[in-house]
Each structure stands twice: as structure tokens, then as C-alpha cells.
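All remarks here apply to the structure that follows.
Just follow the structure's listing: the first ligand is 1, and inside any ligand the first atom is 1. Everything quoted here is computed from the prediction, not taken from an experiment.
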Amino acid sequence: MSYENTSEYERFAEIYKVWTSTAASTNQNLAFYIDTYLAAQGTIVELGIGDGRIAIEAARRGCSLTGVDLSPAMLDRCRKLSAEAGVADRLTLIESDFRHFDIPAPATLITLPYHSIGHLPSIEDKREAIQHIFENLSPGGLFVFDDFFMTPQLMSHMRAVQLRAAYQNTEGNDCLLWVTSLIDELKQSISVVTWEDILDDNGEMQKRHYRRLSLSWLEPDQISALLIDTGFTIEACYGDFQRTPFETARAREQVWVARKPD
Ligand SMILES: C[S@@+](CC[C@H](N)C(=O)[O-])C[C@H]1O[C@@H](n2cnc3c(N)ncnc32)[C@H](O)[C@@H]1O
């Protein structure tokens, strides 16, 4: 089964590097997940590995990981970048949905970084994924993931039209990458809309490429209920990637650490 966002990432892959290198939270989530991987004693699986932004950096520091992703274009990028970094032999890549991946033995640590749980549109899809993750962890194993913490401030920031980046493409053309988001508060869904303007030598627009990403979020009590219903013990919920305990008034993210009981 595939979602709209499978094909979304086939096109989004082209701008993923620019996207992550200009995002507010990527440096922080990178450092958090690398520390989490380095502390893991056993097998590590990253769901939604994407272009390997986090996994390749962890592999450079000695980790071996399995990465799962539904998008062939993102996995191709991961293969290319991991080969360039000289760590391809430390990554095992599996093309699969979060909810149905198949690994040879239960893992010690499964992660789902960078709001990627939000690519599953409904709470039932998320429940199915969390159940499958639980079944694929060894006793005592950890599930670590993050989600948006949606506040009025974050919504108005995301709704604003922003110039995200200015750069040259591989053909040497100047490009401008713009973004805004359509947010449905009742459905807890986000449609991220980007448009990339490709300019000619006179600064005239030659082409415009639109790309979308469909996302969603859960409130903290919804996540907590899903984890507990599945059988996880909640070890921590942080409000940022510096591991500050979650407090509604100050949190900028939801960063969850859940353990499968022994
Ligand atoms: C936001 S990116 C995260 C990539 C990487 N973990 C990072 O932090 O940069 C989300 C990734 O999840 C993948 N993805 C989206 N829905 C998926 C699904 N249902 N099953 C597996 N992968 C999925 C996308 O193809 C994309 O590569």
C-alpha cells in the first residue's frame, strides 16, 4: 500500500538537502539522534531514513544501522551519499512502509526522526505503525521519535510565506525556494507547499516547480495514550532536543522515549 506522500518524496528528494540545511531544528535533532545511536547497545533501525542525513553521520562515528523508507528516490540518495562518505557497508537499506517493515531479528533501538510519524495521516495508521514497532523491538528495547508540538506561534510561523533558500542548481541557474503551509487545526493536518523558482541570467523566472508534503501531528495526550495502549512504558518526553523535560508553556517539540518492557 502506498500513500500520496510516497510520490511526494519522489519529487521532494531533489530539494531535500536544501530543505534540511535551512530548517530550524535539523542541527538539534541530528545531535540528539546521533547521541541516541552512539549510546545504543545492539541493533539500530531508523524508520524514514530519507537521504541518510542522520544515519550517515552516525555511521561515520562507527554505528551500523538498518534504514527503512518507502521512497526509492530518497533511498537512492542515501545509497549515493553513504558511498561517497565511505560508510555504505554500515547501512542496510529496506524499501518498505513504516507499518510493515520486515527485519531479520528484533532491534534494540528503533527511531522515527524529524516529525516523520506525521506522514501517516490518521491516528489508526499511527497506531498500526507503533504496534508494528513494538513487535519488532527486543524486550527492553527503545522506541525514540519526535513530533511537532503545535502551538499558535508555530502555526502562524508555518502559515507565513517565507523565502526558504537562495542557491544555484546543478545547471548554474539561480533558484529561490519558497514555502508556506495550509494547516487544518481540527484534522491536525498540514500541507506544506513549496515552490522553487528557477531564474535566467536576467533574473526572469524560467520555470517554477511546486512540491508538497502532507503531514499531521498528534497532541501529547494522544501520543501518550497510543504508546501505553500498545504496551510501551514512557521513559521520557522532552520539550526540545536538549532533553528539557516537556512543559506545555515552553516546549518546542515533542521528543518521546518509550521502552518495551523486559
Ligand atoms: C522528514 S523525512 C526524514 C528523513 C531523515 N530521517 C531525516 O531526519 O532527515 C521523512 C522520510 O520518511 C519517508 N516516509 C514517509 N512516509 C513513509 C512510510 N509510510 N513508510 C516509510 N517511509 C516513509 C519519506 O520517504 C522520507 O524519506
Side-chain angles (χ1 to χ4, degrees), residues 1-37 44-60 63 65-82 85 91-103 109-133 136 143-148 158 164 179 181 189-192 194 211-217 241 253-256:
M1 180 187 297
S2 76
Y3 280 118
E4 198 189 346
N5 62 46
T6 317
S7 53
E8 286 178 347
Y9 268 100
E10 291 312 281
R11 292 186 13 78
F12 211 83
E14 294 157 11
I15 56 163
Y16 193 71
K17 186 91 185 156
V18 179
W19 184 253
T20 53
S21 59
T22 54
S25 62
T26 41
N27 279 342
Q28 289 157 24
N29 67 24
L30 178 73
F32 171 85
Y33 282 104
I34 286 177
D35 286 351
T36 304
Y37 293 171
I44 306 170
V45 176
E46 181 175 327
L47 302 178
I49 189 170
D51 68 351
R53 177 181 70 93
I54 298 170
I56 292 171
E57 196 49 46
R60 277 189 218 269
C63 294
L65 300 96
T66 294
V68 174
D69 205 290
L70 202 50
S71 160
M74 293 298 275
L75 287 171
D76 279 352
R77 273 173 201 257
C78 187
R79 271 184 214 101
K80 179 172 171 283
L81 293 173
S82 61
L91 299 186
T92 304
L93 299 180
I94 300 174
E95 188 182 319
S96 173
D97 192 290
F98 302 147
R99 297 161 307 158
H100 310 296
F101 63 90
D102 200 6
I103 49 176
L109 170 67
I110 300 182
T111 67
L112 184 48
Y114 201 13
H115 311 144
S116 301
I117 193 165
H119 285 309
L120 297 173
S122 74
I123 197 154
E124 287 319 314
D125 293 309
K126 291 176 176 99
R127 186 186 300 281
E128 197 183 347
I130 290 173
Q131 182 66 44
H132 191 66
I133 290 163
N136 280 277
F143 172 38
V144 181
F145 67 105
D146 58 271
D147 198 358
F148 295 101
M158 291 176 82
R164 180 66 173 254
V179 61
S181 296
S189 69
I190 309 163
S191 175
V192 177
T194 72
R211 297 177 181 89
R212 280 176 186 256
L213 281 186
S214 304
L215 280 157
S216 59
W217 77 91
F241 289 106
E253 300 274 351
Q254 303 180 58
V255 186
W256 292 87

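By the criterion of a heavy-atom distance under 4.0 Å, the side chain of Ile54, and not its backbone, is placed next to ligand 1. Contact annotation: for His115 versus ligand 1, there are no heavy atoms closer than 4.0 Å. With a 4.0 Å heavy-atom cut-off, ligand 1 is reached by no atom of Leu47. With a 4.0 Å cut-off on non-hydrogen atoms, Ser96 touches ligand 1 through its backbone and not its side chain.
Checked against a 3.5 angstrom limit, the closest N/O atoms of Arg53 and ligand 1 fall inside it. The shortest N/O to N/O separation between Pro113 and ligand 1 does not fall below 3.5 Å. Looking at Glu46 next to ligand 1, an N or O pair under 3.5 Å apart turns up.
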Requested in this report: Take Asp125 and Arg99 through the salt bridge (Lys or Arg N to Asp or Glu O under 4.0 Å) test and state the conclusion after the steps.
Outcome: CA-CA 8 Å; Asp125 293 309; Arg99 297 161 307 158; 3.2 Å; yes
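Side-chain atoms of Glu46 and Tyr33 include no donor-acceptor pair closer than 3.5 Å.
No donor-acceptor pair closer than 3.5 Å links the side chain of Asp147 to the backbone N or O of Trp217.
In the vicinity of Ser116, heavy-atom distances shorter than 4.0 Å reach the ligand 1 atoms 1 (C), 2 (S), 3 (C), 10 (C).
Between Asp69, Ile94, Leu75, it is Asp69 that holds the heavy atom closest to atom 25 (O) of ligand 1. Ranked by closest heavy atom to atom 2 (S) of ligand 1, the top entry among Tyr33, Phe98, Tyr16, Phe12 is Tyr16. Nearest to atom 6 (N) of ligand 1 by heavy-atom distance, out of Gly48, Ser214, Gly50, is Gly48.
From Cys78, atom SG reaches atom CG of Leu91 across 5.5 Å, with rounding to the nearest 0.5 Å.
Aromatic pair His119/Phe98: ring centres not closer than 6.0 Å.
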